[in-house]
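Here's the structure, in structure tokens; my notes come after.
Nothing here was measured: the structure is a model prediction, and the numbers come from that model.
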Amino acid sequence: MTPDDALRAAVEKGPAGYVAATITLPTQQAPAWRVVLTGDGVNATVNVDDATGAVRLPPAPAQPSSGDLIARWMRWLHVGTNTGLVWQAVIFVGGLLPALFAVTGIMMWLRRRKTEQAMAARRARNQARGALPQPNAGAGAE
């Protein structure tokens with residue numbers, strides 16, 4: 001069977017009004033031409049047996065499981081495809097926040113570290129000078 005024969009058979013037996021988008025050659029593992037037809041924004045795959053020319057349409061997809069629906073929603077929320085400008089801005093800002101939190105967290109850590117080092121140096125200086133007299137420590141001794 002030639003590619004033209006497989007393509008012609010797929011277009012004739014496939015959904016009406018669809019045009020060929022891609023064609024995949026048969027292999028030893030899958031001895032059939034695989035033709036992807038597209039129309040109305042939807043793709044349909046048609047398999048044409050290389051030896052006989054028989055056309056097999058794939059079975060209609062089953063109802064998606066709840067896990068599939070959740071995965072679709074997660075992807076839609078993550079990518080923001082076909083959403084408005086406001087939602088895309090929310091997704092953009094949400095993507096920047098982890099980096100912003102990392103930078104500000106490091107800045108706060110460095111500032112606290114610098115303050116603690118200054119306090120430790122001050123304590124060391126005070127100990128080197130000798131202990132400062134405590135208030136009212138020597139008031140009754142004279």
Side-chain angles (χ1 to χ4, degrees), residues 1-140:
M1 176 171 254
T2 67
D4 291 333
D5 294 337
L7 197 57
R8 191 175 309 108
V11 171
E12 286 175 4
K13 302 283 184 176
Y18 280 48
V19 295
T22 62
I23 185 168
T24 305
L25 299 170
T27 63
Q28 288 181 349
Q29 294 175 343
W33 296 85
R34 190 170 141 248
V35 181
V36 176
L37 304 173
T38 185
D40 299 329
V42 179
N43 292 342
T45 303
V46 178
N47 295 317
V48 181
D49 190 278
D50 189 41
T52 63
V55 175
R56 287 182 289 123
L57 295 171
Q63 287 291 336
S65 67
S66 59
D68 290 338
L69 293 175
I70 291 171
R72 281 188 205 160
W73 268 93
M74 286 172 50
R75 177 131 181 103
W76 179 77
L77 289 172
H78 180 76
V79 175
T81 323
N82 299 327
T83 60
L85 188 60
V86 172
W87 185 249
Q88 288 178 357
V90 167
I91 291 172
F92 178 75
V93 170
L96 290 179
L97 285 177
L100 179 68
F101 290 154
V103 169
T104 57
I106 290 171
M107 289 172 53
M108 290 172 60
W109 174 72
L110 288 172
R111 186 178 301 153
R112 188 181 86 213
R113 186 173 163 204
K114 183 179 176 182
T115 302
E116 288 175 356
Q117 287 176 347
M119 288 176 60
R122 193 175 309 137
R123 275 190 225 113
R125 277 194 313 268
N126 289 340
Q127 286 179 352
R129 288 182 194 159
L132 294 177
Q134 296 294 326
N136 298 328

- Message: side-chain contact (heavy atoms from CB on, under 4.5 Å) for R111 and K114? Distances and angles first, verdict last.
- Response: CA-CA 5 Å; R111 186 178 301 153; K114 183 179 176 182; 5.8 Å; no
- Message: side-chain contact (heavy atoms from CB on, under 4.5 Å) for N126 and R129? Distances and angles first, verdict last.
- Response: CA-CA 5 Å; N126 289 340; R129 288 182 194 159; 4.0 Å; yes
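Here the side chains of R75 and R72 are not in contact, with every heavy-atom distance at 4.5 Å or above. By the 4.5 Å heavy-atom criterion applied to side chains, V19 and T38 are counted as neighbours.
In terms of heavy-atom proximity, A9 sits nearest to V48 at CB-CG1, 4.4 Å. Of all heavy-atom pairs between P15 and L37, the closest is CD-CD1, 4.0 Å. Among all heavy-atom pairs drawn from M1 and D49, the shortest one is SD-O, 3.8 Å. In plain terms, the two heavy atoms of V46 and G14 that are nearest each other are CG2-CA, 4.3 Å.
How far CG of L25 is from CH2 of W33: 5.0 Å, rounded to the nearest 0.5 Å. Atom CE of M119 and atom CZ of R112 lie 12.0 Å apart (nearest 0.5 Å). Note that CZ of F101 and CD1 of I106 are 14.0 Å apart. Values are rounded to the nearest 0.5 Å.
The side chain to side chain contact (heavy atoms under 4.5 Å, CB included) test with V35 is passed by exactly one of L7, T22, V55, V11: L7.
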